[in-house]
Amino acid sequence: MLLVKYLREHTKEAIEGLSKRKLDAEGLIKDAINADDERIKLQQEKDEVLSESNQISSKIGDLYSKGEKDEAEKLKTESKVLKEKAGVLEESFTNAEARLKDILMNIPNIPHGDVPAGKGDEDNEIFKEAQNMPDNIEGVPHWELAEEYNLIDFELGSKITGAGFPVYLGQGAKLQRALINFFLDSAVKEGYTEIEPPLMVNEESAFATGQLPDKEGQMYHVPVDNLYLIPTAEVPLTNLYRNVILNEDQFPIKLTGYTPCFRREAGSYGKDVKGLNRIHQFDKVEIVQIQHPNESYKILDEMRDYVENLLQQLELPYRILKLCGGDLGTASAFTYDMEVYSGAQEKWLEVSSISNFESYQANRLKLRFKDKESKKTQLAHTLNGSALALPRIVASLLENNQSKEGIKVPKVLHNYTNFDMILKSNS
RNA sequence: GGAGAGUUGGCAGAGUGGUCGAAUGCGGCGGUCUUGAAAACCGUUGUGCCGCAAGGUACCAGGGGUUCGAAUCCCUUACUCUCCGCCA
């Protein structure tokens, strides 16, 4: 959520910035400012009435203690009238506040100056081209390999749960565990604190990081307890700091966590959902940082470099995209996407999204810090990234590393898997 | 799941209808003292909103109610603790 104050003082920049999302925000911003004017007016009226009523009440107290009951009784009726008036104003005020919030919720974050304008993924900019594209891979897609080597059973998953809930078997399961451990160990080495969070969150948390109300249909919901299965560890990890005022010297806050992620993926179909390309439950290691606003873009680059390094260690062909305005998530001001090449499908698969939300999420979270110089509290910046999401990494590993002898496991994982080749005989 | 007790500022902990945004202690910050530090002493120290400011207003787990007036009384939800039941 953006601050109205910002929209007031930087109306032109806001409209310009949002136009990169191909969004004409002029009307929305005007509405927000009008709603805010109304809110301010009502608060002033309300406070005035309350102030008067408070004064009378304390006068009544005085009169009673002096024994002047008749005077006191007279004031009581007066106070009652004021109280009713305040009640009405209070209600209008609450409504005005809600209206304002409603409008603000519908305004996405303002893209950073370097974000290219554009409508959708066709307008994303290639930030870094692939360096190590594989020679023509003669091979089969990963879902066939998964079956051939008995690594993943999609049908068993369908039987016990439903489509999009794969069962990993034998070396396939081991490979999962190896990747998770490799990612977590790397993040910890990089200074991130490992967290194991709950896999379900309450409504408040889902609101604070922005999954609600926009993405309600994308989350699994447990109605008896009104809890949501997390679509990413970002939700619990970032919410750890909901309603917190930090001291400046607590920066930087760096968190990592492995969790399964649950996504309904309503509306997805066709080739995109084949095999591991898009599934309802998948494993991911997430990195989150909470930072001083002055540092956040430097940090974003560091996070990008960190994730890039992971891909290099996995010896996968990858490229880095800078998302255009239209492809940017609602809460993000700047996002890099990492894609790995899937040799047999001959397409790019997104495996990480690294974003700076600036203060957009922090505003919803009420995540602030005390500025040392001004001694005022201000909103912190939040950032996060996948480091990394497993299924598409696995898809790419299997497809790119297949050969007649078996599927080669990248060196960096050998200590974790205890095997360097995936073989049919091992399954 | 059943019964009971509780939830107050960074922490501990007073406060059971008016003078309470809240005593006191600890912690934090600033200062005096000191070669420096500690101790001691003095001062200061929650958050949101409105306001140029003075100041106003709201917040004592969340929501609702009683009352001229609520941290304090009532209802309700959540959470914590104790006992019983069940159990990885």
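No experiment lies behind these values; they were computed from the predicted model shown. We use all heavy atoms of the structure for the numbers below, so side chains are in, but hydrogens, waters and symmetry mates are not. Proteins come first, then strands; the chains are lettered A, B, ... in the order of their sequence lines, and each starts at number 1.
As rounded to the nearest Å, B:C60 and B:U7 have C1' atoms that lie 10 Å from one another. Atom P of B:C84 sits at a distance of 47 Å from the matching atom of B:A58, rounded to the whole Å. Annotation: B:U32 and B:G18 have their C1' atoms spaced 41 Å apart (nearest Å). Comparing the P positions of B:C59 and B:G9 gives an interatomic distance of 15 Å, to the nearest angstrom. If you take atom C1' in B:G15 and the same atom in B:G21, they sit 13 Å apart, rounded to whole Å. Here, B:U66 and B:U16 have their C1' atoms 16 Å apart, quoted to the whole Å. Of the C1' atoms belonging to B:G62 and B:A71, the separation is 15 Å, rounded to the nearest Å. Rounded to whole Å, the separation between the P atoms of B:U72 and B:A61 comes to 8 Å.
Partner assigned to B:G85 is none, using Watson-Crick or G-U wobble distances below 3.5 angstrom. In this structure B:A70 sits in no base pair that meets the Watson-Crick or G-U test at under 3.5 Å. Both distances falling under 3.5 Å, in either a Watson-Crick or a G-U wobble arrangement, place B:C29 opposite B:G43. For B:A14, there is no paired nucleotide, since no Watson-Crick or G-U wobble pair has both relevant distances below 3.5 Å. B:G21: no Watson-Crick or G-U partner with both key distances under 3.5 Å is found in any strand. Pair assignment for B:G55: B:C50, on the basis of Watson-Crick or G-U wobble contacts that are both within less than 3.5 Å.
Residue A:Asn54 has its side chain nearest to B:U57 when only B:U57, B:C50, B:U67 are considered. The side chain of A:Thr377 lies closest to B:U47, out of B:U47, B:G69, B:A58. Side-chain proximity of A:Gln44 to B:U47, B:G51, B:A58: nearest is B:G51.
Under 4.0 Å is where a charged nitrogen must lie from a carboxylate oxygen, and between A:Lys370 and A:Glu248 no such pair does. Ion pair A:Glu38/A:Arg99 not flagged as a salt bridge, since none of the NZ, NE, NH1 or NH2 atoms sits closer than 4.0 Å to an Asp/Glu carboxylate oxygen.
Other residues, nucleotides and ligands contribute more than 12 heavy atoms inside 6.0 Å of the CD atom of A:Gln313.
The aromatic rings of A:His280 and A:Tyr220 lie perpendicular to each other, with more than 60° between the two planes, well past the 30° mark. The aromatic rings of A:Phe334 and A:Tyr336 are tilted relative to each other, their planes meeting at an angle between 30° and 60°.
Heavy atoms of A:Leu82 sit nowhere under 4.0 angstrom from any nucleic acid atom. In this structure, A:Ser57 reaches the bases: a heavy-atom distance under 4.0 Å links it to at least one base atom across the strands shown. Within 4.0 Å (heavy atoms only), A:Gln43 reaches at least one base atom of the nucleic acid. The residue A:Leu75 sits apart from the nucleic acid: no heavy atom pair falls under 4.0 Å.
Rounded to an integer number of Å, the gap from CD1 of A:Ile56 to C1' of B:G69 is 12 Å. Taking atom CG on A:Leu50 and atom C1' on B:G21, their separation rounds to 16 Å, with Å as the unit. Taking atom CG of A:Asp249 as the reference point, atom P of B:G28 lies 13 Å away to the nearest angstrom. In this structure, A:Glu84 atom CD and B:U67 atom P are separated by 11 Å, rounded to whole Å. Between the P atom of B:G28 and the CD atom of A:Gln250 lies a distance of 15 Å, rounded to the nearest Å. Straight-line distance from the NZ atom of A:Lys76 to the C1' atom of B:U67: 8 Å, rounded to whole Å. Distance A:Lys59 NZ to B:U19 P: 16 Å, rounded to the nearest Å. As a whole-Å value, the separation of A:Asp47 CG from B:G51 P is 11 Å.
OP1 or OP2 of B:U47 has not a single side-chain nitrogen or oxygen of A:Arg368 nearer than 4.0 Å. Of the side-chain N and O atoms in A:Lys46, none sit less than 4.0 angstrom from OP1 or OP2 of B:C50. A sub-4.0 Å separation between OP1 or OP2 of B:C68 and a side-chain N or O of A:Lys83 is absent. In this structure, A:Arg39 reaches the B:C50 phosphate: one of its side-chain N or O atoms is under 4.0 Å from OP1 or OP2.
Each of A:Ile29, A:Asp36, A:Ile107 was evaluated against A:Val4; a single residue qualifies, A:Asp36, per the side-chain contact (heavy atoms from CB on, under 4.5 Å) test. When the options A:Asn109, A:Val115, A:Asn124 are evaluated for a side-chain contact (heavy atoms from CB on, under 4.5 Å) with A:Leu328, the one that passes is A:Val115.
Of the residues near RNA chain B, A:Lys370 and A:Ser51, the one whose nearest nucleotide (by heavy atom distance) lies more toward the 5' end is A:Lys370. Across the interface with RNA chain B, nearest-nucleotide mapping of A:Ile60 and A:Ile40 shows A:Ile40 to be the residue nearer the 5′ end.
Between A:Asn400 and A:Ser396, the side chains place a donor N or O and an acceptor N or O closer than 3.5 Å (distance only, hydrogens not considered).
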